[in-house]
S.K.: 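Questions regarding the structure given below will be posed in turn.
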Amino acid sequence: MSNPKRDVPIAKFDRPVPAGVNAAQFGSDVAADALRALDIPYIALNPGASYRGLHDSLVNYLGNERPQMLLCLHEESAIAIAHGYAKVTGKAMAAAVHSNVGLMHGTMAIFNAWCDRMPMVILGATGPVDAAKRRPWIDWIHTARDQGALVRGYTKWDDQPASALAAREAILRAGWIANTAPCGPTYVNLDAEVQESKLLEPVAEIDTRRFMPVVEDAAPADAVAAAAELLRNARHPVILAGRVSRDLDAWHERVALAERLGAKVVTDLKVGAAFPSDHPLHAGAPGTIAPVPEAAEAIRAADVLLSLDWVDINGTLKNAGGTKAKIVQVSIDHRLHNGWSMDYQSLPPVDVFLPCEPDTAVSALLKALGPAARPYAVPDRTPEPLKLNEGKLTVDHLAVALRRAVGDRPTSLTHLSLSWNGASWPFHHPLDYLGSDGGGGVGGGPGISVGAALALKGSGRLPVAVCGDGDFLMAVTALWTAAHYHIPLLFVIANNRSFFNDELHQERVARVRNRPIENRWVGQRISEPDIDLAAMAHAQGAQGFGPVTSAADLGKVFAEAIAAVDDGHVAVVDVRVEPGYSAAMTAVMTRKSE
Ligand SMILES: Cc1ncc(C[n+]2csc(CCOP(=O)(O)OP(=O)(O)O)c2C)c(N)n1
Ligand SMILES: [Mg+2]
């Protein structure tokens, strides 16, 4: 249902006075036109003189619309916002960062988006490449021989065009490459001189769509036939549902395929929701860094595994205790692998390879398999309620109370804390959960969630981010951008007042070395003083709630915070949770062999 307070159009904010400019006059006007041709609605940015030419073109030539600027207080947020937007839409938005130093600030977030295979077009800038044109001192600091080298290991493509026409071509290519699967960030570095130079003659119009041809995706027929044959004859097929799209039809097709095969399905919180997690065929709950025992058992017992671009097949098999199953791999991820980053994971053995996107493969497999002899009969299964520890406020209490507070309304979990238990919240729609930060870069949660909420604005879905306190504190100023542009969302902070993940690492080292595990907290706890998270939220223009220290108070506070979001606000609830991870996660993190 639409709600005028919550759904205020972003176009209302930051309106410039009309500049009356209607023809490109400078190099950066041509670059701005190219950006508009990509049909990108927003450009998240932190300003800098190196791109003052482009900045002027966006405001005074394009009138700050398509793309509209979203001012960010840190480049890491600007990139993370583009990342979150892509998680929902599957499409690139833009981010702009200042010459070298701004890009340096943004690098971790770019790496997160790269590992998460999310598209975005990043614009940067350099002081004049022609040394004779540089302003003293500052332009020299902000010029590097090869700025793109900072991010080349985790972008799909980069360029430093030397003219207005070359800039146009580079931006079109950047959009095309970023949005072509496997998706990823691209980087275009605009020379200050090229941006600020007056055009000597008008730039000829081009049909920009012709420069971004749609790349057709198809599953090779022989491989589909071979995979269908293996799956048809399998007695214990298991689907590892990994990086798939947010498309609802594709979601239904995955369910149809699992039911057609009677296959168990395993999912994981590293990536967005891929299958209804309380479906009788879903094995256990979604895992975090390792499969839960039911999923591990299914994998060990499998005779055929169908990986739908699963992240880290070998690692999962190792964690599950191995398998003798034949492996059908659906992925085009190899097209992206390079020599810098190992995020491609260990090389899995493959018996049948389908080099196409999972959605395409699932449709083709369904067709090849034909209808089932007997339709799948959904067995009765009443999910077991979570067992809650009555004494202490845990992340499970938080989850149960939050679920109760949101009730039946469509909710998107835009981010989850490391302490989250996959069993606490079932997913029924591809937008119910958007996946992790991708690259394990703590501090991604706030910006990604603001970007996701931006994309969800007006959809009627409630965006909810559950962040660890460490994650939240690293990037809290992303909230200001959400407050300024009236992008409502709810943050719930699973505040264990610690970089707790690393307490478990110190515990393991101490145990192996026979040293006191009681010291695991030193250099990890974020207390004395406790940080006032609600006040930090308030300082960004958000509404702060808490700290909540008793499970009994959660319901009331969540209801108030959700009402604030419905009124168009950003709301933050600080929940003081007992340090601790789910049993499966703790078991993996503290076992001796790791
Ligand atoms: C940028 C960055 N710095 C440090 C780390 C190492 N690290 C991994 S998890 C973690 C703790 C995160 O704390 P929090 O978000 O509060 O989650 P918790 O483990 O306490 O549930 C840290 C510091 C990292 N992954 N990324
Ligand atoms: Mg913490």
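Remember, it's 1-based here, ligands and their atoms both numbered in the order they're listed.
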S.K.: Can I get a per-line list of side-chain donor-acceptor pairs under 3.5 Å for residues 283-296, giving both atom names and the distance, sequence neighbours left out?
M.R.:
none

S.K.: If you measure every N/O of Met474 against every N/O of ligand 1, is any gap under 3.5 Å?
M.R.: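 In fact, backbone or side chain, Met474 has no N or O that close.
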S.K.: Run the ring-ring contact (aromatic ring centres under 6.0 Å, His included) test against Trp521 and tell me which residues pass, sequence neighbours left out.
M.R.: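 Here no residue qualifies.
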S.K.: Give me the residue, atom name and distance of the protein heavy atom closest to atom 26 (N) of ligand 1.
M.R.: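 The answer is Val442 N, 3.1 Å.
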S.K.: Any donor-acceptor pair under 3.5 Å linking the side-chain atoms of Ser449 with those of Thr414?
M.R.: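 Thr414 vs Ser449: donor-acceptor pair found between side chains.
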S.K.: By number and element, which atoms of ligand 1 are closer than 4.0 Å to a non-hydrogen atom of Asp502?
M.R.: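 Those qualifying, in numeric order: 6 (C), 7 (N), 8 (C), 9 (S), 10 (C), 11 (C), 22 (C), 23 (C).
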S.K.: Please find out if less than 6.0 Å separates the ring center of His569 from that of His486.
M.R.: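 Here the rings of His486 and His569 have centres that are no less than 6.0 Å from each other.
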S.K.: Strictly by modelled atom types, are His415 and Asp471 linked by a side-chain donor-acceptor pair under 3.5 Å?
M.R.: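 Result is yes, a qualifying pair exists.
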S.K.: How many protein N, O or S atoms sit closer than 2.8 Å to the Mg ion (ligand 2)?
M.R.: 3
S.K.: Would a 4.0 Å cut-off, counted as strictly less than, catch a protein heavy atom around atom 4 (C) of ligand 1?
M.R.: no
S.K.: Can you tell me how far apart CG (Leu490) and CG (Leu402) are? Round to the nearest 0.5 Å.
M.R.: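 The distance works out to 6.5 Å.
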S.K.: Would you mind running through ligand 1 and noting each atom that sits below 4.0 Å from a heavy atom of Leu418?
M.R.: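 Matching atoms, with element in brackets: 9 (S), 19 (O).
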S.K.: Could you tell me which atoms of ligand 1, counted from 1 in the order shown, lie closer than 4.0 angstrom to a heavy atom of Tyr581?
M.R.: 18 (P), 19 (O), 21 (O)
S.K.: Minimum heavy-atom separation for Asp437 and His83, please, with both atom names.
M.R.: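 Result for this residue pair: O-CE1, 3.3 Å.
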S.K.: Going through the distances and angles, do Arg576 and Asp530 end up as a salt bridge (charged side-chain N to carboxylate O under 4.0 Å, His left out)?
M.R.: CA-CA 10 Å; Arg576 294 274 170 87; Asp530 287 342; 3.5 Å; yes
S.K.: So if I count the atoms of ligand 1 from 1 in the order they appear, which ones are less than 4.0 Å from some heavy atom of Met108?
M.R.: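 Contacts of ligand 1 toward Met108, numbered from 1: 1 (C).
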S.K.: Starting from atom 15 (O) of ligand 1, locate the nearest protein heavy atom and write down its residue, its atom name and how far away it is, to 0.1 Å.
M.R.: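 The protein heavy atom lying closest is Asp471 N, 3.0 Å.
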S.K.: Where do Glu503 and Ser498 land on the side-chain hydrogen bond (donor to acceptor under 3.5 Å, both in side chains) test, with the steps shown first?
M.R.: CA-CA 8 Å; Glu503 289 198 40; Ser498 174; 2.5 Å; yes
S.K.: Return the closest protein heavy atom for atom 25 (N) of ligand 1 as residue, atom name and distance.
M.R.: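 Among all protein heavy atoms, the one nearest atom 25 (N) of ligand 1 is Gly440 O, 2.8 Å.
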S.K.: Applying a 4.0 Å heavy-atom criterion (strictly less than), which segment of Cys467 is in contact with ligand 1: side chain, backbone, both, or neither?
M.R.: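 Neither; no heavy atom under 4.0 Å.
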S.K.: Under a 4.0 angstrom heavy-atom cut-off, which atoms of ligand 1 come close to Asn496?
M.R.: 18 (P), 20 (O), 21 (O)
S.K.: Hey, what do you get for OG (Ser341) to CG (Leu336), rounding to the nearest 0.5 Å?
M.R.: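 If we round to the nearest 0.5 Å, Ser341:OG and Leu336:CG are 9.5 Å apart.
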S.K.: Indicate the atoms forming the closest heavy-atom contact of Glu75 with Val97, along with that distance.
M.R.: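 Here Glu75 and Val97 meet closest at CG-CG1, 3.6 Å.
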S.K.: Does ligand 1 have an atom under 4.0 Å from some heavy atom of Ser498?
M.R.: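 A heavy atom of Ser498 does come that close to ligand 1.
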S.K.: Measure from atom 16 (O) of ligand 1 to every heavy atom in Asp437, Ile493, Asp469, Val395 and give the option owning the shortest one.
M.R.: Asp469
S.K.: Classify the ring geometry of His337 against His334: parallel below 30°, tilted from 30° to 60°, perpendicular beyond 60°.
M.R.: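 Perpendicular.
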S.K.: How far is atom 14 (P) of ligand 1 from its nearest protein heavy atom, and which residue and atom name does that atom have?
M.R.: Gly470 N, 3.5 Å
S.K.: Using a 4.0 Å cut-off to any heavy atom of Asn501, which atoms of ligand 1 qualify?
M.R.: 8 (C), 9 (S), 10 (C), 11 (C), 19 (O)
S.K.: Can you name the atoms of ligand 1, numbered from 1 with element, that are less than 4.0 Å from a heavy atom of Phe500?
M.R.: 18 (P), 19 (O), 20 (O)
S.K.: Which residue holds the protein heavy atom closest to atom 12 (C) of ligand 1, what is that atom called, and what is the gap in Å?
M.R.: Phe499 CD2, 3.9 Å
S.K.: Minimum heavy-atom separation for Lys457 and Pro488, please, with both atom names.
M.R.: NZ-CD, 4.0 Å
S.K.: Return a table of donor-acceptor pairs under 3.5 angstrom between the side chains of residues 147-155 and protein atoms on other chains or two or more places apart.
M.R.:
| residue | atom | partner | partner atom | Å |
| --- | --- | --- | --- | --- |
| Gln147 | OE1 | Tyr187 | OH | 2.5 |
| Gln147 | NE2 | Ala125 | O | 3.0 |
| Arg152 | NE | Asp158 | OD1 | 2.8 |
| Arg152 | NH1 | Asp146 | OD2 | 3.0 |
| Arg152 | NH2 | Asp146 | OD1 | 2.7 |
| Arg152 | NH2 | Asp158 | OD2 | 3.0 |
| Tyr154 | OH | Leu150 | O | 2.8 |
| Thr155 | OG1 | Val151 | O | 2.8 |

